[in-house]
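A short worksheet on the structure shown next.
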Amino acid sequence: MHVIEVDHRTCIEACQECIVACELCISHMVALQSNNDCPNCCRQCVAVCSLCVRALAGDWLHSETICKLAADVCRWCAHNCREYSHTVCQRCADSCERTAAACRSAI
């Protein structure tokens, strides 16, 4: 039976939270004009965080590479969402920053 390491569990949970925050941000931004990569960055963040969860839970050979990618995408997404004053965007940026840190800790 595969036991998930503590750092991996933290990263998985952060990624799951980030997926929800990004989906909420996408829903919020869909009708609004965007002057940067939001909500595109949120879509990519959802995809990469989902992959990261699968890689860590499945103990994939290249899970560390995927975690690094997730950290990079989350940092990019946090930067873009942080530029908006909307509460949803700020929460998304906070979640992305926590996820980037958790992903860096997992590698």
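Predicted model only: the values in this text are computed from it and were never measured.
- Both Val20 and Val88 sit in one connected hydrophobic cluster of ILVMFWY residues. Membership requires side-chain heavy atoms under 4.5 Å apart, directly or through other members.
- Residues passing the salt bridge (charged side-chain N to carboxylate O under 4.0 Å, His left out) test with Arg104, sequence neighbours excluded: none.
- Note: the hydrophobic cluster containing Ile107 does not contain Ile66 (ILVMFWY, side chain heavy atoms under 4.5 Å, direct or indirect links).
- Contact check for Cys96 versus Cys45: side-chain heavy atoms found under the 4.5 Å cut-off.
- In plain terms, the two heavy atoms of Cys49 and Ile19 that are nearest each other are CB-CG1, 3.7 Å.
- Taking CG from Leu69 and NE2 from His62, the interatomic distance works out to 13.5 Å, rounded to the nearest 0.5 Å.
- With sequence neighbours left out, His86 forms a side chain to side chain contact (heavy atoms under 4.5 Å, CB included) with His28, Met29, Leu32, Tyr84, Cys89.
- With a 4.5 Å cut-off on side-chain heavy atoms, Cys67 and Leu56 count as touching.
- Atom CD in Glu64 sits 11.0 Å away from atom SG in Cys52 (nearest 0.5 Å).
- Looking at Asp72 and Arg75, a side-chain N of the basic residue comes within less than 4.0 Å of a carboxylate O on the acidic one, giving a salt bridge.
- Listed for the Ser95 side chain is no donor-acceptor partner under 3.5 Å among the backbone atoms of Arg91.
- Expressed to the nearest 0.5 Å, how far CZ of Arg98 lies from SG of Cys11 amounts to 13.5 Å.
- Scanning for salt bridge (charged side-chain N to carboxylate O under 4.0 Å, His left out) contacts around Asp37 gives an empty result, with sequence neighbours left out.
- You'll find the side chain of Trp60 stays beyond 4.5 Å of the side chain of Thr65, heavy atoms only.
- Checking side-chain atoms of Asn80 against main-chain N and O of Asn36 turns up no donor-acceptor pair under 3.5 Å.
- Here the straight-line distance linking atom SG of Cys38 with atom CZ of Arg82 works out to 12.0 Å at 0.5 Å rounding.
- Between the CG atom of Leu24 and the SG atom of Cys92 there is a distance of 8.5 Å, given to the nearest 0.5 Å.
- The shortest distance between side-chain heavy atoms of Cys103 and Cys74 does not fall below 4.5 Å.
- Counting heavy atoms from C-beta on, the side chains of Cys77 and Cys42 come closer than 4.5 Å.
- A donor-acceptor pair is defined here as one N or O able to donate and one able to accept, closer than 3.5 Å; no such pair exists between the side chain of Ser63 and the backbone of Asp59.
- Between Glu17 and Thr99 the shortest side-chain heavy-atom distance does not fall below 4.5 Å.
- Within the model, atoms SG of Cys18 and CD of Glu23 stand 10.5 Å from one another, a figure rounded to the nearest 0.5 Å.
- With contacts defined as side-chain heavy-atom distances shorter than 4.5 Å, the pair Asn35/Gln33 qualifies.
- Side-chain atoms of Thr10 and Ser105, non-hydrogen and from C-beta on, never get closer than 4.5 Å to each other.
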